[in-house]
Protein chains: 2
Amino acid sequence: MKHDAMHMAGKPTLGFRPLYRQVRDILVKRIADGVWQAGQMLPSEPEIAAELDVSPGTVRKALDEMTAENLVVRRQGRGTFVAKHDDARILFQFFKLIPDSSVREFPDSKVLNLTSGINPEAASQLGLGRRDCVLVLDRIRTLAGQACVLERICLPAALFPGLEKREVPNNLYQLYAMEFGVTIGHASEKLKAVAATGEEAQHLGVAVGEPLLRVDRLAFSLDQRPVEWRVSLCRTDQAHYISDLR
Amino acid sequence: MKHDAMHMAGKPTLGFRPLYRQVRDILVKRIADGVWQAGQMLPSEPEIAAELDVSPGTVRKALDEMTAENLVVRRQGRGTFVAKHDDARILFQFFKLIPDSSVREFPDSKVLNLTSGINPEAASQLGLGRRDCVLVLDRIRTLAGQACVLERICLPAALFPGLEKREVPNNLYQLYAMEFGVTIGHASEKLKAVAATGEEAQHLGVAVGEPLLRVDRLAFSLDQRPVEWRVSLCRTDQAHYISDLR
DNA sequence: CATAATTTGTCCGTATGTATC
DNA sequence: GGATACATACGGACAAATTAT
């Protein structure tokens, strides 16, 4: 690794990546493959450096990036740990709806429906073939005692075998990681204001035509593949969605 | 600086900051104070290191952070430059509304109204006294040929003297920086779905009661003070707001 | 067009401080 | 207190990109 072909050649190859990024990729892959599991401590920086035959500084830079991506957590004096999808992290990274006059809070969930079958639209969003089997989960979420979010979650059935026959917990991303080895790395959301239809209005306890915030999320696994498509309809009369621009 | 009092004492002071962060603060202050202006090249890393009597690696780490915060831009072989609020940056960092079936685009603006006076609500948002003078700018913005955003922008009059008597350009953050020495560093937005009122509906060409996306933004200067409060009402029938979760 | 100078990017190695067990 | 781990700081060597000569 130290005397990488990329560096020896006069010209860098087209697909050249810096050494620290190659190291990063190796470490990410170990997490994605479950070699190092959620919450587990990584080997120390000098150990990783010795194993991969790079300098400690290079490992440090790779871990710096992974820390910035929320893939690992570093604790001085203790070690570096694979980030867990615990409630606190989900709350800050993936749940952006906050009660207007109160603090951040993890919503309860009630499952309405869980089916599997053909769903061309969802399959397209998830990058599957039109006829690949898709799981569809409908649920309603409660914030500060009020039904607040109605959401439909679509998943590639192939990645989550047996999910239909299982109790579905509140924290889905933890379930994906712990039970199916699918770790969500990041997600991209598209927001619109829409009018409530009859069925939606009934679930959320609002009038038909009332404005709702529609959040269309595509979530990606650590290897950058789309693995969840989620559409949430949110009441925003007593809550708001936060977005920080930096 | 090298033999900082913080380091000599056996115990770190309560308000201790790492050296590279102290360096960062000095450099940020120079940008905030206009010593180094937008687009200007900074001295080279070894020069800054020599001037502040720290090692080049420490300056490098300070600049790394500032790069991550979009305060400076580094270009290999050329130098490090103070980030400009040019259209491209505004478009990616601060304008999150994208046409559904097209690419990112910088919206046109038409000023409806520009007044100054007492405004307790805006003053409170901006951290001013209730009776401090506030500038209020109303404008309407066009995306893909369609009136799309109706927004009200509130500013502390004390920071923007003479703004009322001036032509107001499309790119406000550039104006703040170039003409008034106020650089926006980051912003925080709260989103809700609301129903259009009569006046709003007329401006945006929709029916009364139609759902609109209400974006409530507080923007902060480099020294972390709130300097702009902006409420935007957006049509989202042919556009959407994007938010990346990482 | 070729070369040199400048600047950031990458990589390396060491020493010391701080937190935890 | 000692051992271990990460955090900080330092400084140097070479590569890559750009600009000036």
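Because the structure is a prediction, the values reported are computed rather than measured. Proteins get letters first, then strands, A, B, ... in listed order; numbering begins at 1 in each.
Partners of B:Phe160 under the ring pair (Phe, Tyr, Trp, His ring centres under 6.0 Å) rule, at least two apart in sequence or in another chain, are B:Tyr176, B:Phe180. Judged as a salt bridge (charged side-chain N to carboxylate O under 4.0 Å, His left out), and not counting sequence neighbours, the contacts of A:Asp100 are B:Lys192. With sequence neighbours excluded, the residues that form a salt bridge (charged side-chain N to carboxylate O under 4.0 Å, His left out) with B:Glu151 are B:Arg139, B:Arg141, B:Arg230. Remark: A:Arg89 pairs with A:Asn70, A:Ala83, A:His85, A:Asp86, A:Gln93 by the side chain to side chain contact (heavy atoms under 4.5 Å, CB included) rule, at least two apart or across chains. Judged as a side chain to side chain contact (heavy atoms under 4.5 Å, CB included), and not counting sequence neighbours, the contacts of B:Ala123 are B:Leu128, B:Val134. Legend: residues meeting salt bridge (charged side-chain N to carboxylate O under 4.0 Å, His left out) with A:Glu47, ordered by chain and number and at least two apart, are absent. For B:Lys110, the salt bridge (charged side-chain N to carboxylate O under 4.0 Å, His left out) criterion is met by no residue, not counting sequence neighbours. Residues meeting the ring pair (Phe, Tyr, Trp, His ring centres under 6.0 Å) test with B:Phe220, sequence neighbours left out: B:His186. With sequence neighbours excluded, the residues satisfying side chain to side chain donor-acceptor pair (under 3.5 Å) with B:Glu189 are B:Arg217, B:Tyr241.
End-to-end axis angle of the helix from C:dA2-D:dT21 to C:dC21-D:dG2, from C1' rotation axes over five pairs per end: 10° (rounded to 10 degrees).
Look at CD on B:Glu45: it is 15 Å from P on D:dG12, rounded to the nearest Å. Rounded to a whole Å, the OH atom of A:Tyr20 is 12 Å from the C1' atom of C:dT8. At whole-Å resolution of the value, CG in A:Leu19 and C1' in C:dG9 are 13 Å apart. The interatomic distance linking A:Arg24 (CZ) with C:dT10 (C1') rounds to 17 Å, in whole Å. Rounded to whole Å, atom P of D:dT8 lies 7 Å from atom CD of A:Gln76. Following rounding to the nearest Å, B:Glu65 (CD) and D:dT8 (C1') show an atom-to-atom distance of 12 Å. In this structure, CD of B:Glu47 is placed 10 Å from C1' of C:dT6, rounded to the nearest angstrom. Taking atom CG on A:Asp64 and atom P on D:dA9, their separation rounds to 14 Å, with Å as the unit.
Under 4.0 angstrom from either OP1 or OP2 of C:dC11 there lies no side-chain N or O belonging to A:Ser55.
Along DNA chain D, the nucleotide closest to B:Pro56 and the one closest to B:Lys61 are compared, and the more 5′ of them pairs with B:Lys61.
Side chain of B:Asp132 to main chain of B:Gly129: a donor-acceptor pair is present (N/O by atom type, distance under 3.5 Å, no hydrogens or angles). Between the B:Asp108 side chain and the B:Leu143 main chain, no donor and acceptor come within less than 3.5 Å of each other.
Sorted by residue number, the members of residues 66-75 of chain A with any non-hydrogen atom under 4.0 Å from DNA chain D read A:Arg74, A:Arg75. DNA chain C is contacted by B:Gly77, B:Arg78, B:Gly79, B:Thr80 of residues 77-85 of chain B, taking any non-hydrogen atom closer than 4.0 Å.
Among the nucleotides D:dC10, C:dT8, D:dC6, the one closest to any side-chain atom of A:Arg60 is D:dC6.
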